[in-house]
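These notes concern the structure reproduced below.
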Amino acid sequence: VRAAAANDDACQLLERVFHCLRSWLRHGGGHIPAATFAASPLLTACFEALRSDRLFDAAGDCIVAALRCYYRADRDMAVVRVIVPGIMGCREQLNMAVRNQDDDQARGLVRVFAEMGESYMDLLVGPDDIGQHQVIQMLVGGLSYPEPEVATITRQFWMRLARALLPRAWSGRAPLL
């Protein structure tokens, strides 16, 4: 991916590959078993491509499409085990985007973190420690971003989190958060 990002033709080709992957995920990617998709080098290439300005949007779109396609942790754990560490590996990149007030990077990364939180809400509010606090911290950082559009990306996540936590609070089952 790094070599492709430096070469115009290779970069264009990789961008087309990511667009095809996104389309495939949106329109039937769930037919491929999670273990097969998790083992694909295309999935890990998406995380590498997030570090390229030219491939950032296409890679982010693929990751969001993968989260929407493989959203059931009980069924799709093979993908969860690849995608969650991949996204969490972008924490410093998001922190730097916030520090530098890079609206495009912040918007894209906050979108990926929010989508991960929404997709794997059951894991976030579950009893096992999977780094929930780190995800919440990243999304709080999105809320504090000076560009209002970035903060609004997290709105759906916060509403889903409240809906997931309220029944647990009423039943006396305390979530790990």
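Values below: all heavy atoms of this structure, side chains included; hydrogens, waters and symmetry mates excluded. Everything numeric in this text was worked out from a predicted model, so none of it was measured.
Residue pairs meeting the ring-ring contact (aromatic ring centres under 6.0 Å, His included) criterion with at least one partner in residues 35-55, sequence neighbours excluded, are W24-F37, F37-Y70. Pairs of residues two or more places apart, or lying in two chains, that qualify as side chain to side chain donor-acceptor pair (under 3.5 Å) and include a residue from residues 86-99 are R91-Q134, E92-R99, Q93-Q105.
Distance check: L143 CG to T152 OG1 gives 9.5 Å after rounding to the nearest 0.5 Å. For the atom pair OH of Y71 and CD1 of I83, the computed distance is 14.5 Å after rounding to the nearest 0.5 Å. With rounding to the nearest 0.5 angstrom, the NE2 atom of H27 is 11.0 Å from the SG atom of C69. With rounding to the nearest 0.5 angstrom, the CD1 atom of I63 is 6.0 Å from the SG atom of C90. In this structure, CZ in R160 is found 12.0 Å from CG in L124, a value given to the nearest 0.5 Å.
Note on V135 and M159: separate hydrophobic clusters, where clusters join Ile, Leu, Val, Met, Phe, Trp and Tyr whose side-chain heavy atoms are under 4.5 Å apart, directly or indirectly. Residues V79 and I32 share a hydrophobic cluster, clusters being chains of Ile/Leu/Val/Met/Phe/Trp/Tyr side chains in contact below 4.5 Å.
Atom CZ of R75 has more than 12 neighbouring heavy atoms from other residues, nucleotides or ligands inside a 6.0 Å radius.
You'll find the side chain of V125 stays beyond 4.5 Å of the side chain of Q132, heavy atoms only. L139 has its side chain out of reach of L161: every pair of non-hydrogen atoms, C-beta onward, lies at least 4.5 Å apart. Side chains of C46 and L21 form a contact here, defined as non-hydrogen atoms less than 4.5 Å apart. Counting only heavy atoms from C-beta outward, the side chains of F157 and I136 approach each other to under 4.5 Å.
Applying the salt bridge (charged side-chain N to carboxylate O under 4.0 Å, His left out) criterion to E147, with sequence neighbours excluded, gives no partner residue. A search for salt bridge (charged side-chain N to carboxylate O under 4.0 Å, His left out) contacts involving E15 returns nothing, not counting sequence neighbours. Residues passing the side chain to side chain contact (heavy atoms under 4.5 Å, CB included) test with D57, sequence neighbours excluded: none. Under the salt bridge (charged side-chain N to carboxylate O under 4.0 Å, His left out) criterion, R72 pairs with D74, sequence neighbours left out. Considering only residues two or more places apart in sequence or on other chains, V84 meets the side chain to side chain contact (heavy atoms under 4.5 Å, CB included) condition with V80, M88, M116, Y120. Shown here are the side chain to side chain contact (heavy atoms under 4.5 Å, CB included) partners of V64, two or more places apart in sequence or in another chain: R68, R111, V112, E115. R81 pairs by the side chain to side chain contact (heavy atoms under 4.5 Å, CB included) definition with M77, not counting sequence neighbours. Partners of D103 under the salt bridge (charged side-chain N to carboxylate O under 4.0 Å, His left out) rule, at least two apart in sequence or in another chain, do not exist in this structure. Among residues two or more places apart in sequence or in another chain, the side chain to side chain donor-acceptor pair (under 3.5 Å) test is passed with Q101 by none. Looking at residues two or more places apart in sequence or on another chain, you find no side chain to side chain donor-acceptor pair (under 3.5 Å) involving D53.
For the residue pair A59 and A49, the shortest heavy atom distance occurs at CB-CB, 3.6 Å. Shortest non-hydrogen contact noted between A78 and A38 is O-CB, 3.3 Å. For the residue pair L42 and F18, the shortest heavy atom distance occurs at O-CE2, 4.3 Å.
The closest donor-acceptor contact from the side chain of T154 to the backbone of G142 lies at 3.5 Å or more, if one exists at all.
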Could you go through the side-chain contact (heavy atoms from CB on, under 4.5 Å) check for D8 and R54 one step at a time? CA-CA 10 Å; D8 282 343; R54 291 189 57 194; 2.6 Å; yes
Give the C-alpha distance, both sets of side-chain angles, the deciding distance and a yes or no for side-chain contact (heavy atoms from CB on, under 4.5 Å) between L13 and D9. CA-CA 6 Å; L13 177 63; D9 291 336; over 6 Å; no
When you look at F113 and L94, which way does the side-chain contact (heavy atoms from CB on, under 4.5 Å) test go after all the steps? CA-CA 10 Å; F113 273 92; L94 176 56; 3.9 Å; yes
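For the residue pair H19 / R22, a side-chain donor-acceptor distance below 3.5 Å is found, with atom types taken as modelled.
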